[in-house]
Amino acid sequence: MHSARYDGRNGRQERIDFLTSKEKVSSKRKVAILIGVLVALLILAAIAAFLIWRFVFKDADSEATSSKQLSPSTRVFSGHIQFVGVPYDQELENTNGKEFEELAVNLEAILKENYKKDPLLEKYYTKSQITAFSEGMLAFYWTQFDIPVEDLEIVPQFSEMRVLKVLENGIKEQRSLGNHLFVKITDVTASLTDSRMVRNPRDGEDCFYRLEADETEKKFMSPGYPTGYPTKSRCQWQIRAAEDSVILVSFPFFHIEDDCNHDFVSIYDSLSPDDSQAITIKCGQRPPSNPLAVVSSGNIMLINLITDSDIHRAGFQAVYSTKLRSNVRTCGGILSENQGVFTSPLYPSFYPPTVDCNWTIKVPAGNKVRVKFTMFRIKEPRVDTRDCHKDYVEVMDNKYCGEISSLALTSETNTLMVSFHSDESYTDKGFSAEYSAYDPANPCPNKFTCASSICIAKELKCDGWNDCGDMSDEMKCECGKDQFACDNGLCKPKLWVCDRVNDCGDGSDEKSCSCDVGEWRCGNGVCMPQEVVCDKKQDCEDGSDEASCEGEVGQCSDYSFKCGNNQCVNKVNAECDRVSDCSDNSDEANCACGTRPYKLNRIVGGQNAELGEWPWQVSLHFLTNGHVCGASIISNKWILSASHCFVTSSAENLVASNWQTYSGMQDQYKRDGVQLRFVKRIIPHPNYNQMTFDYDIALLELKEPLEFTNTIQPICLPTSSHIFPAGMSCWVTGWGALREGGSKSQLLQKASVKIINDTVCDVVTEGQLTSRMLCSGFLAGGVDACQGDSGGPLVCFEESGKWFQAGIVSWGEGCARRNKPGVYTRVTKLVDWIRKETGI
């Protein structure tokens, strides 16, 4: 290109020399010559510019366009073809064998021929691949279409229906497959498939495995396990078994990155990644208490591992074996005992695809049948739970699916039919149900009878909670003096009035709480003039008038988030919300907290905590007395508890060596995965008042640091400006007494509570509330923080995906008494002291 410019200059110079060497010309002629020269120069410059564009920028543009065309929009469809006319031969399972090659090539030619009958499919068709054969003369395939960038608008036309229609229209006649074999295709399926899952087993690709399953347990694992799987993994396991068997695969260890768009394991009741045959798609981390375990409907299964993120998790370890198909698919029957339990097949493992079960529950004449589902999880993608048309439980002509927290049903006679159905795609954990006979004349001796005939304690009637599940315990109530009468006839605790939550359902508990025009309603319900908002003064007792004010950086109030560089952010709960608000990123700098590594299913019925559900919970043991108080992990060397656990009439309680801390514990009698640490020193708050429980907070420094694991993690500490609004649902946990005066719990307990506004809390505590305290409301079922829960955390889940500690179990009058809510130490008021003492 440089030489081209040089040649142009030489040409131009030669042309001028030629002109000037001619005879003398007139001035007009000279002007004309000069104009001609300039025009020539401009032409040459244009040519040079064109050459530069042509060879530099145009080539670059072409390269970019070419690059795009090398990565077109790819549409892949997969499924199976079933045909008759060819006897099944075990040699067809050998993808490197001659028999496989010949039959596969002929079937691929038939697929290509069919696609040619559709002008659109023919234009963008790339290739088809037969990947496996199985008994019943099933051939598993995938087909690829590549659409260039300039034609992307036609992508929506590449639908499953279009592809399937073309294939179905082409399978009506017998076909020759060579060697004088004639076949008739009887069935074909096609599903849009993630192109990352297609493999060609004939190419000897890496990370492709063929496994044979039998009754003995065998193992396989993801590449790199347990160090970590590599990025861009495309792994596939084809598992086969004897024709009369089904395949069971369980994952004792399963840890895949949380985002299923990038990293996931997909499992199919097929040898093709056909969505219509998918059993499940999973990512994240599974705790030992909730392992992933699946089963096929037949003797084949396909497992894919796809990883695209730069995060390298440990991966998985899998165990596979077989069972006789007849044993797995046998379910249902006649249940004639007065009580019992029945479950979906293989519960708590995933139930198999394509199974139907029917139970007939028959109890003595004159009685009726009561059924309560203690676990119900039958979820499937894109299924509306109002129209359970795929997997479902059917009782008395009603179908149920999804995840149901409370399902109790009763029969009209002494016989009840329960049916369970699963289709060919997507399975789940299923259900567990208890049934019992009852006398309709006296269904619940000494208890309240719900409309569903479920029995609950009498004291739970008209307490504001839907304990029956059908609201029958809250109907026809006469509200007590400590209750609010809703317009719809329900009774709710007065504690819930004006907490910004529609507890009545008709809004009547909140409608009298609005302020006049021109007034601002504080978080505690008090009305203030609108002018008080964002005037840099705390006019509302809870500071809500200054909590979310917009202003220039540097304009600070007590409710601003203060960045590390002393700038201020006027935003509610700015810390750890995944948005960088501070210029120095300090609002997102210390956010390795408040997460639960394990993915946990919601277990219906009961408040036992699952392993790893509350990984910041600590059990404090005193001498040989066992569990005495709770605490929470705030760093690897510091835990947070209540002063009243240590500042007592006995000086021994303040001796650090008398205490042991247990982290990662769920069961007080089990120590697997639990870390024991001794206490180096105890720091009660210097202003703690034994009479009023004000400043009821203490710090414990550990002698040896904790090692964070799946079941041991720190909780996030809120900043002093963090807002936990009235009505917010939070959780309290501990091993305390299950009832007032009762014994402590062996298993970690959890209960949902609601934050109560300070004005109401001060009234019901008879003026004992200080600014370092907060209240939480009654708990479902009457379970409150109780003796032994002291020092434990009250934690709240934020939209950012983080858990924050709002309170520390401090004091209360009894346990779960009416209008006697639990009182907690307010962490936001004391977090500066925590950080000063610990350096966190």
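The model shown is predicted, which means the values in this text are computed figures rather than measured ones.
In this structure, the side chain of Thr709 engages the main chain of Ile712 through a donor-acceptor pair within 3.5 Å. Judged by distance alone, with hydrogens and angles left aside, the side-chain atoms of Arg835 form no donor-acceptor pair with the main-chain N or O of Gly839 at under 3.5 Å. Formation of a donor-acceptor pair under 3.5 Å by the Asp509 side chain with backbone atoms of Asp503 is found in this model. At distances below 3.5 Å, at least one donor-acceptor pair connects side-chain atoms of Arg677 with backbone N or O atoms of Pro705. Of the possible donor and acceptor atoms, none in the side chain of Asp263 sits under 3.5 Å from a partner among the backbone N and O of Ile256. A donor-acceptor distance shorter than 3.5 angstrom exists from the side chain of Thr374 to the backbone of Ser432, with no hydrogens or angles considered. Looking only at distances, no side-chain donor or acceptor of Ser641 sits under 3.5 Å from a matching main-chain atom of Ala631. The main-chain N or O of Thr692 is found under 3.5 Å from a side-chain atom of Asn689 such that the two form a donor-acceptor pair. Checked by atom type and distance alone, the side chain of Trp735 pairs as donor or acceptor with a backbone atom of Gln666 at under 3.5 Å. With hydrogens and angles disregarded, a donor-acceptor distance shorter than 3.5 Å links the side chain of Lys802 to the backbone of Cys591.
Using a 4.5 Å heavy-atom threshold, the side chains of Thr719 and Val831 count as separate. Looking only at side-chain heavy atoms (C-beta outward), Lys754 and Ser776 stay at 4.5 Å or farther from each other. Between Phe646 and Leu700 there is a side-chain heavy-atom pair separated by less than 4.5 Å. Contact of the Val647 side chain with the Asn653 side chain is not registered, since no non-hydrogen atoms from C-beta on lie closer than 4.5 Å. When side chains are defined from C-beta on, Val628 counts as touching Trp659, because their heavy atoms get closer than 4.5 Å. Counting heavy atoms from C-beta outward, Tyr824 and Arg826 have side chains that stay 4.5 Å or more apart. A 4.5 Å side-chain heavy-atom check between Asp587 and Cys563 finds every atom pair outside the cut-off. Counting heavy atoms from C-beta outward, Asp696 and Tyr688 have side chains that approach closer than 4.5 Å.
Between the side chains of Ser650 and Thr648, no donor N or O sits under 3.5 Å from an acceptor N or O. Using modelled atom types and a 3.5 Å distance limit, the side chains of Asn565 and Ser583 yield a donor-acceptor pair. Side chains of Asn710 and Gln285: a donor-acceptor N/O pair is present below 3.5 angstrom, by distance only. Remark: the Gln805 side chain and the Ser632 side chain contain an N/O donor-acceptor pair separated by less than 3.5 Å. For the 3.5 Å distance criterion, the side chains of Ser790 and His644 qualify, holding a donor opposite an acceptor. With 3.5 Å as the limit, one finds a donor-acceptor pair spanning the side chains of His722 and Glu798. For the residue pair Thr770/Asp694, the side-chain donor-acceptor check at 3.5 Å is satisfied. A side-chain donor from one of Ser619 and His627 sits under 3.5 Å from a side-chain acceptor of the other. The closest side-chain donor-acceptor pair between Thr733 and Gln617 falls under 3.5 angstrom.
Between His312 and Tyr229, the two ring planes are perpendicular [angle over 60°; tilted spans 30° to 60°].
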Practice task
Kindly indicate, with the supporting measurements, whether the criterion side chain to side chain contact (heavy atoms under 4.5 Å, CB included) is fulfilled by His262 and Glu257.
Solution key: CA-CA 8 Å; His262 296 136; Glu257 172 57 20; 5.9 Å; no
Exercise for the section: Evaluate the side chain to side chain contact (heavy atoms under 4.5 Å, CB included) criterion for residues Ile682 and Val679: first the C-alpha distance (whole Å), next the side-chain angles of each, then the deciding distance (0.1 Å), finally the verdict. Expected result: CA-CA 7 Å; Ile682 301 170; Val679 180; 3.9 Å; yes
Exercise for the section: Using the side-chain hydrogen bond (donor to acceptor under 3.5 Å, both in side chains) rule, take Gln746 and Asp667 through it: C-alpha gap first, then chi angles, then the decisive distance, then the call. Expected result: CA-CA 6 Å; Gln746 175 184 335; Asp667 188 325; 2.9 Å; yes
Handout entry: From CA spacing to verdict: salt bridge (charged side-chain N to carboxylate O under 4.0 Å, His left out), Asp428, Arg377
Key = CA-CA 7 Å; Asp428 209 333; Arg377 185 181 171 93; 3.2 Å; yes
Practice task
Could you go through the side chain to side chain contact (heavy atoms under 4.5 Å, CB included) check for Asn573 and Phe804 one step at a time?
Solution key: CA-CA 11 Å; Asn573 302 345; Phe804 285 84; over 6 Å; no
Practice task
I would like to know whether Val827 and Ile808 meet side chain to side chain contact (heavy atoms under 4.5 Å, CB included); could you show each step before the answer?
Solution key: CA-CA 7 Å; Val827 174; Ile808 302 167; 4.1 Å; yes
Practice task
Evaluate the criterion salt bridge (charged side-chain N to carboxylate O under 4.0 Å, His left out) for residue pair Glu588 and Arg578; output intermediate values, then yes/no.
Solution key: CA-CA 7 Å; Glu588 302 298 312; Arg578 300 181 182 179; over 6 Å; no
Handout entry: Residue pair Cys593, Cys576: steps toward the disulfide (SG to SG under 2.5 Å) verdict
Key = CA-CA 9 Å; Cys593 59; Cys576 300; 5.0 Å; no
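Between Asn658 atom CG and Phe678 atom CZ the span is 11.5 Å, to the nearest 0.5 Å.
Heavy-atom minimum distance, Phe253 versus Ala314: CE2-CB, 3.6 Å.
Few gaps surround CG on Asp584; more than 12 heavy atoms of other groups in view lie less than 6.0 Å from it. By the 6.0 Å contact criterion, CD on Glu704 is open, its count of non-hydrogen atoms from other residues, nucleotides or ligands being 12 or less. Within 6.0 Å of CG on Asn590 lie no more than 12 heavy atoms contributed by other residues, nucleotides or ligands.
Two rings, from Phe797 and Trp731, have their centers 6.0 Å or more apart. Checked against a 6.0 Å centroid threshold, the rings of Phe316 and Phe251 count as neighbours.
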